[in-house]
J.: 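Let me give you the structure first, and then I'll get to my questions.
The figures that follow rest on heavy atoms only: side chains count, while hydrogens, waters and symmetry mates do not. Just so we're clear, the structure is a prediction, and the values are computed from it rather than from any experiment.
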Amino acid sequence: MAAKFVDSVNATAPIMTLVGRIRSIQGYQIIRETPDGRGGVEFELIHSISFSSWGENILLHLGPINETQTRVDIKSECSLPTQMFDWGKNKKNVVTIMNYLLNGIMVTR
């Protein structure tokens, strides 16, 4: 099983605000954007090979709580299934994306 890092928060922002931010993220490639059938959106992003890893797959789910709040679930996992250690790369991906996505937005856990 590949190394991974997972986090979730509730954001005080409409879902479309967060969708717009994800669509404009730099440094990650969006390879899939799919409605979840319940008013939410799931994104699959990749971070390419670097000196410290063989790349990571990131799954991001945005789900509406109500008109002004959105549930954000994110998981970053090493692309190479046999990679057991990530040297903090997956956590760094999650923190970077969360900081970009939620900049200036109130969150609760």
J.: Which heavy-atom pair separates Ala13 from Thr70 by the least distance, and what is that distance?
T.: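 Closest approach of Ala13 to Thr70, heavy atoms only: O-OG1, 2.7 Å.
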J.: Which pairs count as salt bridge (charged side-chain N to carboxylate O under 4.0 Å, His left out) when at least one residue sits in residues 90-109, sequence neighbours excluded?
T.: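 Sorted pair list: Asp7-Arg109.
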J.: Identify whether Ile46 and Val6 are in the same connected component of the hydrophobic contact network (ILVMFWY, side-chain heavy atoms under 4.5 Å).
T.: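 No, separate clusters.
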J.: Less than 4.5 Å apart, any side-chain heavy atom of Glu42 and any of Glu33?
T.: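 No; the side chains remain at least 4.5 Å from each other.
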J.: Show me, pair by pair, the donor-acceptor contacts under 3.5 angstrom made by side chains of residues 61-69, not counting sequence neighbours?
T.:
| from | atom 1 | to | atom 2 | distance (Å) |
| --- | --- | --- | --- | --- |
| His61 | NE2 | Asp36 | OD2 | 2.7 |
| Asn66 | OD1 | Thr68 | N | 2.9 |
| Asn66 | OD1 | Thr68 | OG1 | 3.2 |
| Asn66 | OD1 | Gln69 | N | 2.9 |
| Asn66 | ND2 | Gln69 | OE1 | 3.3 |

J.: For a quick test of reading the model, state the closest non-hydrogen atom pair linking Phe85 to Trp87 and the distance between them.
T.: O-CZ3, 3.1 Å
J.: Determine the minimum heavy-atom distance between Ile15 and Gly40, stating which atoms define it.
T.: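 That would be CD1-CA, 3.7 Å.
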J.: Where is the tightest heavy-atom contact between Pro81 and Ser79, given as atom of each residue plus distance?
T.: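 In terms of heavy atoms, the two residues are closest at CD-O, 3.2 Å.
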J.: Less than 4.0 angstrom from a charged side-chain N to a carboxylate O is my criterion; do Asp73 and Arg71 meet it?
T.: yes
J.: Is Phe43 linked to Leu59 within one hydrophobic cluster, defined over Ile, Leu, Val, Met, Phe, Trp and Tyr using a side-chain heavy-atom separation of less than 4.5 Å?
T.: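 As far as the 4.5 Å side-chain criterion goes, Leu59 and Phe43 are not connected within one cluster.
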J.: Measure the CG-CG distance between Asn57 and Leu80 for me, rounded to the nearest 0.5 Å.
T.: 10.5 Å
J.: If I compare all heavy atoms of Ala2 with all of Cys78, which pair ends up nearest, and what's the gap?
T.: CB-O, 3.6 Å
J.: Quick one: does Ile58's side chain get under 4.5 Å of His47's, heavy atoms only?
T.: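 Side-chain contact under 4.5 Å: yes.
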J.: As an exercise, state the distance from CG of Asn93 to NZ of Lys89, rounded to the nearest 0.5 Å.
T.: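 Nearest 0.5 Å value for the CG-NZ distance: 4.5 Å.
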J.: Less than 4.0 angstrom from a charged side-chain N to a carboxylate O is my criterion; do Lys4 and Glu77 meet it?
T.: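 Judged by the 4.0 Å cut-off on N to carboxylate O distance, Lys4 and Glu77 do not form a salt bridge.
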J.: How long is the gap from CD on Glu56 to OH on Tyr28, to the nearest 0.5 Å?
T.: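 That separation rounds to 7.5 Å.
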J.: Counting C-beta onward and ignoring hydrogens, is there a side-chain heavy-atom pair between Ile97 and Ile22 closer than 4.5 Å?
T.: yes
J.: Rounded to the nearest 0.5 Å, what separates atom OG1 in Thr82 from atom CE in Met84?
T.: 9.0 Å
J.: Could you state whether Val95 and Ile105 fall into the same hydrophobic cluster, counting links through intermediate Ile, Leu, Val, Met, Phe, Trp or Tyr residues with side-chain heavy atoms under 4.5 angstrom apart?
T.: no
J.: Pairing donors with acceptors under 3.5 angstrom, does anything connect the side chains of Tyr100 and Ser24?
T.: yes
J.: State, with a plain yes or no, whether a side-chain heavy atom of Pro35 is found less than 4.5 Å away from one of Val41.
T.: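 Pro35 does not reach Val41 side chain to side chain.
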J.: Drop me the distance from Leu45's CG to Ile31's CD1, to the nearest 0.5 angstrom.
T.: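 Reported value, rounded in 0.5 Å steps: 8.0 Å.
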J.: For Val72 and Leu60, run side chain to side chain contact (heavy atoms under 4.5 Å, CB included): C-alpha distance rounded to whole Å, both residues' side-chain angles, the deciding distance at 0.1 Å, then the answer.
T.: CA-CA 7 Å; Val72 180; Leu60 176 70; 3.8 Å; yes
J.: If we only count heavy atoms from C-beta on, is the Leu102 to Leu18 side-chain gap below 4.5 Å?
T.: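 Yes, side chains in contact.
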